[in-house]
Amino acid sequence: MTTVAILVAAGSGTRLGSDMPKALIPLVGRPLLAWSILALDASEHIDGIVVVAPPGHERPTEMALGEIAEPLAVTIGGSSRSRSVAAGLEEVPDGADRVVVHDAARPLLTSDHISMVLAGIGDADGAIIAAPVADTIKRTDEDLNIVETADRSAHWLAQTPQAFRTESLVRAVEIALEGDYIDSTTDCASMVEAMGGQMRVVPSALPNQKITIPADLDVVAPLLEAREARA
Ligand code: CTP
Ligand code: MG
């Protein structure tokens with residue numbers, strides 16, 4: 001079984017408000033994306049890594065990978081996350097049975113996440129790491145009147161990594177491009193769901209915070225510092 005990782009790192013980081021692409025901002029001594037590369041490289045299941053870089057920042061992205069890992073390819077991202085995934089898929093070599101897609105914005109990735117999500121595929125088209133919901137979920141109308149309290153146990157917070165049979169994700173991306181809804185999808189699983197594929201959740205309590213706004217840096221930095229101290 002051959003498994004290739006696609007690290008999507010091509011976003012601009014509008015909500016973070018930094019003057020450089022989010023994946024390249026320094027965090028605890030490394031560019032943000034380097035933390036994910038370290039974990040992907042440490043996983044016994046990953047045979048190669050494709051990095052999807054911010055347009056115009058291919059060289060700094062290659063520099064940020066430094067001596068950690070030699071990627072299969074560094075390619076340029078698209079105008080939305082899913083288009084960046086599509087660009088990454090173009091670089092996945094024939095013969096890769098499975099792909100693991102991960103957001104560079106989640107630096108707390110570990111080889112445990114990767115093992116868990118791959119084991120979760122089973123007979124399905126793919127699986128995702130997801131966290132149970134701790135808060136009560138309210139659905140509202142457009143005026144913020146509550147119209148429903150949802151069944152919390154049936155809802156999950158979708159994270160990355162997300163793992164797929166390569167043929168399933170390739171087909172799902174093709175259909176999303178043909179159907180012109182690719183830009184409205186915010187994760188890969190939803191494209192497979194939209195074509196009627198079977199996706200499974202792998203419940204995870206592992207820390208996996210996404211860096212979206214500046215306050216997220218304050219949450220994640222101490223965890224990475226602790227990891228460095230243990231290494
Ligand atoms: N991403 C990408 N290509 C895009 C948009 C996003 O590869 N055109 C990647 C980001 O680099 C990130 C992941 O998808 O690793 C999740 O996206 P998000 O957290 O939304 O990052 P940004 O789009 O960069 O941030 P923002 O939405 O605040 O601009
Ligand atoms: Mg975004």
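Counting starts at 1 for both ligands and their atoms, in listed order. For clarity, every value in this text was computed on a predicted model and none was experimentally measured.
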Tell me the closest heavy-atom pair linking [X] and [Y], and the distance in Å.
| X | Y | answer |
| --- | --- | --- |
| Ala34 | Ala64 | CB-O, 4.0 Å |
| Ile211 | Leu16 | CG2-CD1, 4.1 Å |
| Arg98 | Thr166 | N-OG1, 3.2 Å |

Are any non-hydrogen side-chain atoms of [X] and [Y] less than 4.5 angstrom apart?
| X | Y | value |
| --- | --- | --- |
| Leu206 | Thr110 | yes |
| Val4 | Ile49 | no |
| Arg83 | Leu177 | yes |
| Leu72 | Glu91 | no |

Nearest neighbour in protein (non-hydrogen) for [atom]:
| atom | result |
| --- | --- |
| atom 24 (O) of ligand 1 | Gly13 N, 2.8 Å |
| atom 19 (O) of ligand 1 | Lys210 NZ, 2.6 Å |
| atom 6 (C) of ligand 1 | Gly11 CA, 3.6 Å |
| atom 8 (N) of ligand 1 | Gly78 O, 2.9 Å |
| atom 7 (O) of ligand 1 | Ala10 N, 2.9 Å |
| atom 14 (O) of ligand 1 | Arg81 CG, 3.5 Å |

Any atoms of ligand 1 less than 4.0 Å from a non-hydrogen atom of Ser79? List them with their elements.
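Listed by number with element, the hits are 8 (N).
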Check ligand 1 against Lys22 and write out every atom of the ligand that is under 4.0 Å from a heavy-atom position of the residue.
18 (P), 19 (O), 21 (O), 22 (P), 24 (O), 25 (O)
Any link between Val8 and Trp35 through a network of hydrophobic side chains (Ile, Leu, Val, Met, Phe, Trp, Tyr) touching at under 4.5 Å?
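The answer is no; the residues belong to distinct hydrophobic clusters.
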Group every Ile, Leu, Val, Met, Phe, Trp and Tyr by side-chain heavy-atom contacts under 4.5 Å, then state whether Val100 and Val51 land in the same group.
yes
Under-4.0 Å heavy-atom contact between protein and atom 17 (O) of ligand 1
no
So which bit of [X] gets within less than 4.0 Å of ligand 1, heavy atoms only: side chain, backbone, both or neither?
| X | answer |
| --- | --- |
| Arg15 | both |
| Ser84 | side chain |
| Pro54 | neither |
| Arg83 | neither |
| Ala23 | neither |

Any side-chain donor near an acceptor of the partner, Ser190 and Asp187, under 3.5 Å
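Yes, because at least one side-chain N or O of Ser190 sits under 3.5 Å from a partner of the opposite role on Asp187.
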Between ligand 1 and [X], is the shortest N or O to N or O distance under 3.5 Å?
| X | result |
| --- | --- |
| Leu16 | no |
| Thr212 | no |
| Ile211 | no |
| Val52 | no |

Check Arg81 with Asp183, please: is the shortest side-chain N to carboxylate O separation under 4.0 Å?
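Salt bridge: no.
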Between Val8, Asp216, Ile213, which one has a non-hydrogen atom sitting closest to atom 12 (C) of ligand 1?
Val8
For atom 13 (C) of ligand 1, tell me which residue out of Thr14, Ile76, Asp103 has the closest non-hydrogen atom.
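The nearest heavy atom belongs to Asp103.
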From the list Leu7, Leu33, Thr160, Asn208, side-chain contact (heavy atoms from CB on, under 4.5 Å) with Asp103 holds only for Thr160
